[in-house]
Amino acid sequence: EVDVGPGDGTWKTGYGGPHYENGIIYNAFNNIYALNASTGEQIWNYTSPSGVLFSQNVALDERYVVAVSYHSHIVIVLNKTNGEQIWNKTVGIGSNLGIAAEPLLYEDYIVVAVINGGNYSLDAFNVTNGSVIWNRSVDNFWDGSPILYDNRIYIQGSNSWHSIWLNNGTTILDTGYSSNTATVSIHNGLIFTSSDDSNANLYAYYTNGTLKWHFVKPGVAGWDKVYNQPVISNGLIFFNTMCKTCDSSDEGYFYVVNETDGSFIWKYHVESEDVFGYTSVAQGNAYIMSDNGVYAFDFGLGSGNYTLI
């Protein structure tokens, strides 16, 4: 945790990616933890089966913590209060990578993106007992998480983004455009998606698949991939890229564009550092993480000056 005022560390721990709710941080890697957000004190700890590594982002509701395994194809549901296991289930076979994306948890549904013998599917399970509700094949979405909006699941794949009914898994829309594996964002009835081609494109679509606008990154040469879900706040869209060929080194860019029309506002060049993590926005500041540290930017509580803190 980092204090968003002066930026001094208040405490630190070696655990995985955090998910904050009501003063508690839930996260996972080799085990699954609940930590006091103020002190870092452990509230409970679930010890994973031998050799299981979890995808770091868990899903939460008022009842459950749901975690999935990156390599072992396991879905585990825990009691949120005490961390006791309710059930676990192995899904998919035949690949070194299992379930990389954060699962979707909504009412009695858990929806996960599964690798099954080199094929790819969305599988829906009953959260109380793990029984299969439905499953369906999709293209290679790899790291993108399913997102729920208006009883529809949206997920981005390598060949298209999909709109699927939550209750039965049937297709509403397959757009059929070249995309990537980042998680989509949804705001004000628009679907925001990205592409991993050489232009690091960002798109805004209406829910019927009609394109509203298309942003192409300005003045950056090389393969500049959007790995992360766009973050939307106060009429602005924040997203990061990682470049493998820019200036012959690993480096990243942090972009800000206008939510309404996709017009370019600002970018910051993170030299010689990979930028993988999500952007976080709080109290007029934006935070990004590279492989060398955390960057903080002051955007103000409105559309003010865009300056590095």
Sub-4.5 Å side-chain heavy-atom contact between V75 and W87: yes
So, do L35 and E41 sit near enough that their side-chain heavy atoms are less than 4.5 Å apart? no
Here's a test for you: under side-chain contact (heavy atoms from CB on, under 4.5 Å), which of L104, N135, V114, I155 qualifies with L122? I155
So, for L105 and A59, which heavy atoms are closest and what is the spacing to 0.1 Å? CB-CB, 3.9 Å
Are K89 and I74 packed together at the side-chain level, in the sense that at least one heavy-atom pair is separated by less than 4.5 angstrom? no
Main chain of V281, side chain of S233: is a donor-acceptor contact present, judged purely on distance under 3.5 Å? no
To the nearest 0.5 Å, what is the distance between CG (L148) and OH (Y154)? 9.5 Å
Start with the C-alpha gap between L173 and H162, add the side-chain angles, then the distance that decides, and say whether side chain to side chain contact (heavy atoms under 4.5 Å, CB included) holds. CA-CA 6 Å; L173 180 68; H162 308 273; over 6 Å; no
Are any side-chain N or O atoms of Y149 and backbone N or O atoms of R152, one a donor and one an acceptor, separated by less than 3.5 Å? no
Would you say V257 and L202 make side-chain contact, with heavy atoms under 4.5 Å? yes
Interatomic spacing from CG in N82 to CD1 in I43 - rounded to 0.5 Å: 12.0 Å
Rounded to the nearest 0.5 Å, how far does CD1 of I172 lie from CG of L166? 9.5 Å
Heavy-atom distance under 4.5 Å between the side chains of T207 and I191, does that happen here? yes
Do you know which two heavy atoms are closest between W165 and D150, and how far apart they sit? CZ3-O, 4.4 Å
Let me see the working for W266 and F297 under ring-ring contact (aromatic ring centres under 6.0 Å, His included), right down to the final yes or no. CA-CA 12 Å; W266 187 85; F297 300 84; 5.4 Å; yes
What distance separates K212 NZ from L190 CG, expressed to the nearest 0.5 Å? 5.0 Å
Would I32 and N45 count as a side chain to side chain contact (heavy atoms under 4.5 Å, CB included) if you check the C-alpha gap in whole Å, the side-chain angles of each, and the deciding distance to 0.1 Å? CA-CA 6 Å; I32 305 171; N45 167 26; over 6 Å; no
Given side chains that start at C-beta, do those of I147 and Q229 come closer than 4.5 Å, heavy atoms only? yes
Pair F238 and Y255, ring centroids less than 6.0 Å apart: no
How close do A204 and L211 get, counting heavy atoms only, and between which atoms? O-CD1, 3.5 Å
Pairs touching residues 65-80 that satisfy salt bridge (charged side-chain N to carboxylate O under 4.0 Å, His left out), sequence neighbours left out: E21-K80
If you take the centroid of each ring, where Trp contributes its six-membered ring, are Y203 and F192 closer together than 6.0 Å? no
For N79 against W44, the heavy-atom pair lying closest together: O-CZ2, 4.2 Å
Tell me, do R63 and V127 make a side-chain contact under 4.5 Å, heavy atoms counted? yes
Using the ring pair (Phe, Tyr, Trp, His ring centres under 6.0 Å) criterion, which residues pair with H187? Sequence neighbours excluded. none
In terms of heavy-atom contacts, Y26 and L60 come closest through CD1-CD1, 3.5 Å
Closest contact, heavy atoms only, A286 versus F254: CB-CZ, 4.1 Å
A side-chain contact here means heavy atoms from C-beta on lying under 4.5 Å apart; do I24 and N22 qualify? no
Please test V77 against V65 for side chain to side chain contact (heavy atoms under 4.5 Å, CB included), starting from the C-alpha separation and ending with a verdict. CA-CA 6 Å; V77 177; V65 176; over 6 Å; no
Separation between CD1 (I76) and OG (S69), nearest 0.5 Å, reads 8.0 Å
Please determine whether side chain to side chain contact (heavy atoms under 4.5 Å, CB included) holds for the pair T47 and N31, giving the CA-CA distance in whole Å, both sets of side-chain angles, and the decisive distance to 0.1 Å. CA-CA 5 Å; T47 302; N31 290 342; 4.0 Å; yes
Side chains of Y33 and Q42 only: does a donor on one sit below 3.5 Å from an acceptor on the other? no
Would you find more than 12 non-hydrogen atoms of other residues, nucleotides or ligands less than 6.0 Å from Y64 atom OH? yes
When you check the side-chain N and O atoms of R136 and T171, is any donor under 3.5 Å from an acceptor? yes
According to ring pair (Phe, Tyr, Trp, His ring centres under 6.0 Å), who are the partners of F125, at least two apart in sequence or on a separate chain? none
Can you name the one residue among P103, P146, S145 that meets side-chain contact (heavy atoms from CB on, under 4.5 Å) with V112? P103
Side-chain donor or acceptor of W213 paired with backbone N/O of E259 under 3.5 Å: yes
Once you round to the nearest 0.5 Å, how far does OH of Y109 lie from CD1 of I153? 9.0 Å
